Amino acid sequence: MISRRSGSGAAIRLESPRQDDVMRLLAALDAYLESLYPPESNHILDVDTLCAPDIRFFVARREGEAVGCGALRIDPTGYGEVKRMFVHPAARGQKLGRAILTRIEDEASREGLERMRLETGIHQAAALALYRGAGYAERGPFGEYASDPLSHFFEKAIDPRSKRRAAGGK
C-alpha cells in the first residue's frame, strides 16, 4: 500500500528492512542514537526483530531512494508501539516524519489497536515536537521499559477500524 501525504512527497510502503539502502538508513539511525545516549538507554530493534511477524516496517522513498523509515510493533497485550522512526538529515523539515507516523497509526488502526505508545530520548527535540504535535501525551514506562532519566514515554488513543466496522461504521 502506498501513502502519499501532503507535503511529504514520498511513497511510504511496507517493505523489508533487509535492503541495502534501508540497512544504510538504519545504520545512520543507530549511529545517531549511539552519539546521544549510552547503550543502556538505547532500545534498538535489530533487523531480525524488524522482520518478525509482530512488526510492520515502513520505508519512505523519494524517486526510489530510501529517505525515512518507521515501524509498528504490535504488542501481544493489544497496543501498538512506534519503533525505528528516522528521516535522513537531507530530507528533514518536509513533514516526512509526520507522514511516516500517520502511516504507522493507520496500520495500527487497521490492525484493530486502540492505543499507540512509544519511547524516545530527551535529546531529540524534533521527535518530541513531532509526537506532542501528533497528539501523544506523556505517560510512565510501559512494557519492558524501566524508568530512565534520558527517556520520555508517550501514549495516544486511536480509533481501531476493525471495531468501527463491527459496530456498523466505515
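From a predicted model like this one, the values you see are computed outputs, not experimental measurements. For reference, positions follow the sequence shown, starting with 1.
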[X] side chain to [Y] backbone, donor-acceptor under 3.5 Å:
X: Lys83; Y: Phe57; value: no
X: Thr102; Y: Arg98; value: yes
X: Lys156; Y: Ala134; value: yes

Find out if a path of hydrophobic residues (ILVMFWY) with successive side-chain heavy-atom gaps under 4.5 Å connects Phe154 to Leu150. no

Applying a strict under-4.5 Å side-chain criterion to I, L, V, M, F, W and Y, I'd like to know whether Ile44 and Leu25 cluster together. yes

Do the non-hydrogen side-chain atoms of [X] and [Y] ever get within less than 4.5 Å of each other?
X: Leu118; Y: Tyr136; value: yes
X: Met85; Y: Leu130; value: yes
X: Ile100; Y: Val87; value: yes
X: Arg13; Y: Phe58; value: no

On the ring face of Phe153, is Arg139 found with NZ or CZ under 6.0 Å from the centre and within 45° of the axis? no

Does Arg92 make a cation-pi contact with Tyr32, if we ask for NZ or CZ under 6.0 Å from the ring centre and within 45° of the axis?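 Yes, a cation-pi geometry holds between Arg92 and Tyr32.
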
With rounding to the nearest 0.5 Å, note down the distance linking CG in Leu72 to CG in Asp54.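 The distance works out to 9.0 Å.
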
Go through Glu81 and Tyr145 one step at a time and tell me if the side-chain hydrogen bond (donor to acceptor under 3.5 Å, both in side chains) criterion holds. CA-CA 12 Å; Glu81 182 180 0; Tyr145 293 103; 2.3 Å; yes

Will you find, in the side chains of Tyr131 and Glu138, an N or O donor that is under 3.5 Å from an N or O acceptor? no

Classify the side-chain pair Asp106/Ser109 by whether it contains a donor and acceptor separated by less than 3.5 Å. no

Going by ring-ring contact (aromatic ring centres under 6.0 Å, His included), name the residues that satisfy it together with Phe86, two or more places apart in sequence or in a different chain.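 Not a single residue meets the ring-ring contact (aromatic ring centres under 6.0 Å, His included) criterion with Phe86.
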
Trace of the salt bridge (charged side-chain N to carboxylate O under 4.0 Å, His left out) decision for Glu107 with Arg110: CA-CA 5 Å; Glu107 183 69 19; Arg110 271 191 284 289; 3.6 Å; yes

Determine, stepwise, if the pair Arg61 / Glu15 fulfils salt bridge (charged side-chain N to carboxylate O under 4.0 Å, His left out). CA-CA 11 Å; Arg61 293 185 182 276; Glu15 293 189 20; 2.9 Å; yes

Taken in chain and number order and not counting sequence neighbours, the residues that satisfy side chain to side chain contact (heavy atoms under 4.5 Å, CB included) with Ala126 are none

Between Arg161 and Asp159, does any side-chain N to carboxylate O distance fall below 4.0 Å?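 No, Arg161 and Asp159 are not salt-bridged.
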
Tell me which pairs pass salt bridge (charged side-chain N to carboxylate O under 4.0 Å, His left out) where either residue lies in residues 23-44, with sequence neighbours left out.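 Qualifying pairs: Asp30-Arg84.
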
